[in-house]
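The block underneath contains the structure these notes are about, expressed in structure tokens.
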Amino acid sequence: MLRPQENAHRELKSLVGLWKFRADADGVGRDQEWQAAPLAGAIDMPVPSSYNEITADPQLYNHVGDVWYQTTTYVPRGWADRRIVLRFDSATHQATVWVNGTEVMSHKGGYLPFEADVTALVTPGEQVRITAAVDNRLDWTTIPPGWLEQTPDGARQKYFQDFFNFAGLHRPVHLYATAPAYVDDVTVRTDYDGRTGLVDYDVTVVGEGEVSVAVLDAEGNEVASGTGASGRVEIPEVRLWQPGVGYRYDLRISLARDGEVVDSYDQKFGVRTVRVVGTDFLINDRPFYFRGFGMHEDHHVFGKGQHDASMVHDYNLLKWIGANSFRTSHYPYSEENMEYADAHGIVVIDETPAVGLNLGIMGGIFGGGADDGKSQTFRPERIGEAGQAQHAQEIRELIARDKNRPSVVIWSIANEPESETQEAADYFRPLFDVAREADPTRPVGFVNVMLAPAGACKVTEMADVVMVNRYYGWYVDSGDIPSAMRHLRAEITKWTEIEEKPIIFTEFGADTMAGQHGLMGTMWTEEYQYDLMKATLEVFDEFPQVQGEQMWNFADFQTSAGIMRLDGNKKGAFTRDRRPKAVAHMLRKRWSAVEGDAKPTH
Ligand code: BDP
């Protein structure tokens with residue numbers, strides 16, 4: 001799906017700002033048709049933002065069910081005879097949208113865009129009312145999954161993922177206009193032959209017209225051109241998209257009728273290749289070692305709302321610390337965020353929202369474990385066909401959104417799902433096919449959990465890379481770094497024996513209360529996090545097959561309430577307000593000393 005843009009043939013109107021908002025605690029809004037009139041009893045709510053922490057009301061913080069958003073705007077007078085589209089960059093987790101009281105679309109999945117052609121429902125020059133009912137409930141058919149616990153005091157949303165269920169309109173909303181015949185989509189795939197860039201493109205259009213393309217370099221000079229909706233163009237003396245640099249070209253697509261251009265779209269792309277060869281991960285045929293973090297879209301007050309200032313600040317912290325990559329744990333991040341990674345050469349492992357597909361994990365961590373040896377998760381009454389279909393849909397929509405992004409080098413189709421059972425293998429095999437069919441050019445993987453170690457996991461064999469989260473020294477061998485390192489070393493050895501693939505550590509970490517200190521190796525102190533991380537990284541250095549270290553987490557983040565969490569998860573290298581803990585200085589020293597993207601050596 002194309003990201004909306006403004007250009008000589010397209011107009012874009014932002015609907016960012018304060019919307020009217022009302023929580024529907026009794027779930028009556030749809031029956032009472034709140035979309036039919038100005039929202040009664042509404043408060044002001046910023047879009048984009050999570051709504052949870054905006055007011056001082058714990059009920060809204062913990063709200064379960066629909067909330068209603070409404071705004072009015074004028075459709076520009078100049079948009080007569082145009083195709084007019086309403087686009088939401090996301091709505092967490094499900095939404096129905098009405099325009100002037102008429103339903104125009106519904107979407108399930110909280111982190112991906114959706115849009116509708118509203119031309120027939122609006123009049124240029126006149127006001128329009130846009131209403132969205134946004135439902136934050138998770139069940140066995142949503143990704144991520146969850147369930148509702150009914151109590152005398154109302155419903156409680158329960159879920160497995162270790163991050164707070166922030167909800168609302170987290171990303172911008174736009175109206176945009178194109179000609180009635182328009183460029184609908186484009187796929188760009190790149191390679192190079194010596195110094196010549198090879199660009200295969202495939203444009204789909206709606207309506208009649210002739211397609212032509214031109215490639216513009218970053219200074220706007222035309223360096224190649226072609227005609228036809230699909231084909232190959234070649235860029236002489238190509239500049240590659242490189243980690244840390246991020247050079248991009250524009251594919252300027254024009255749609256013409258009778259010699260006159262009626263629509264155009266500038267698709268940015270980078271020329272680069274990604275390949276897995278043996279245990280190496282190659283970007284542009286050079287070994288790439290991932291240094292960075294699993295992150296979260298998470299901030300005080302605006303939760304998961306897209307916010308340019310905090311986003312750019314986070315990227316500057318990544319630069320300060322010497323990171324070259326991150327994983328979009330545990331859902332697709334905003335398009336602004338991905339755009340920044342593309343522009344600045346930050347390498348991304350792009351993850352679907354498939355987190356918490358592991359009903360054994362709580363029992364596992366606390367000593368329970370599987371019951372009858374059968375899947376606790378992938379059963380018809382839990383995550384069955386409907387959940388799997390939704391998971392496939394999330395994979396398709398993620399790839400449709402991010403397929404042209406040079407920063408994205410791996411699709412992660414799930415985080416820590418159950419993977420040690422036959423049912424899990426049966427569940428995941430078709431999902432790998434879905435990803436590979438949607439994008440044959442990038443490696444596909446998923447993130448393996450500690451409960452399904454080397455030898456037990458039945459899904460890693462389907463993946464192109466081994467991605468593992470391990471908490472030796474935290475959830476196991478707690479407070480005992482020597483034992484933790486012995487067990488970590490033993491497990492890596494086992495992985496290297498059974499899988500001839502790059503191994504990327506996508507999580508390892510220790511909860512750390514900023515300001516807590518001690519010399520006795522006490523957990524939760526900054527010293528313990530520092531020492532455990534340092535020891536862990538030194539073990540990674542022993543194995544040439546380990547091709548990545550992404551510490552958990554970039555920053556502290558909010559979670560649901562629980563005895564394991566103190567106002568959230570505290571495994572950040574930075575606090576939630578982005579102040580460095582001691583470990584950040586250690587990582588900075590290690591990562592800044594590295595030449596290019598080579599593997600660090602202590
Ligand atoms: C892993 C999860 C991550 C958690 C982390 C932790 O992938 O979401 O936040 O552990 O426990 O299981 O800190």
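Counting convention: from 1, in listed order, for ligands and their atoms alike.
- With ring centers used as reference points, F505 lies 6.0 Å or more from F290.
- The closest approach between W474 and ligand 1 stays at or above 4.0 Å for every heavy atom of the residue.
- Under 4.0 angstrom from ligand 1, there are no non-hydrogen atoms of D511.
- Figure legend: cation-pi geometry between K571 and Y471, with NZ or CZ positioned under 6.0 Å from the six-membered ring centre and within 45° of its axis.
- Applying the side chain to side chain contact (heavy atoms under 4.5 Å, CB included) test between E394 and each of Q390, E397, R396 identifies Q390 as the sole match.
- Ligand 1 places these atoms under 4.0 Å from at least one heavy atom of H330: 3 (C), 7 (O), 8 (O).
- The contact set between ligand 1 and N469, taken as ligand atoms under 4.0 Å from a residue heavy atom, comprises 7 (O).
- The shell of residues lying under 4.0 angstrom from ligand 1, judged by heavy atoms, includes R565.
- Ligand 1 has Y475 within reach: a non-hydrogen atom of the residue lies less than 4.0 Å from it.
- Residue contact check: F557 has heavy atoms under 4.0 Å from atoms 9 (O) of ligand 1.
- Side-chain contact annotation: N448 with E416, donor-acceptor N/O pair under 3.5 Å absent.
- Aromatic ring centres of W524 and H517: separated by at least 6.0 Å.
- Ring-centre distance between W552 and F557: below the 6.0 Å cut-off.
- Heavy-atom proximity to N569, at under 4.0 Å, picks out these atoms of ligand 1: 6 (C), 9 (O), 13 (O).
- Dense packing is recorded around CD of Q150, with more than 12 heavy atoms of other residues, nucleotides or ligands lying under 6.0 Å away.
- The K571 neighbourhood of ligand 1 comprises atoms 6 (C), 11 (O), 13 (O), with distances under 4.0 Å to a heavy atom of that residue.
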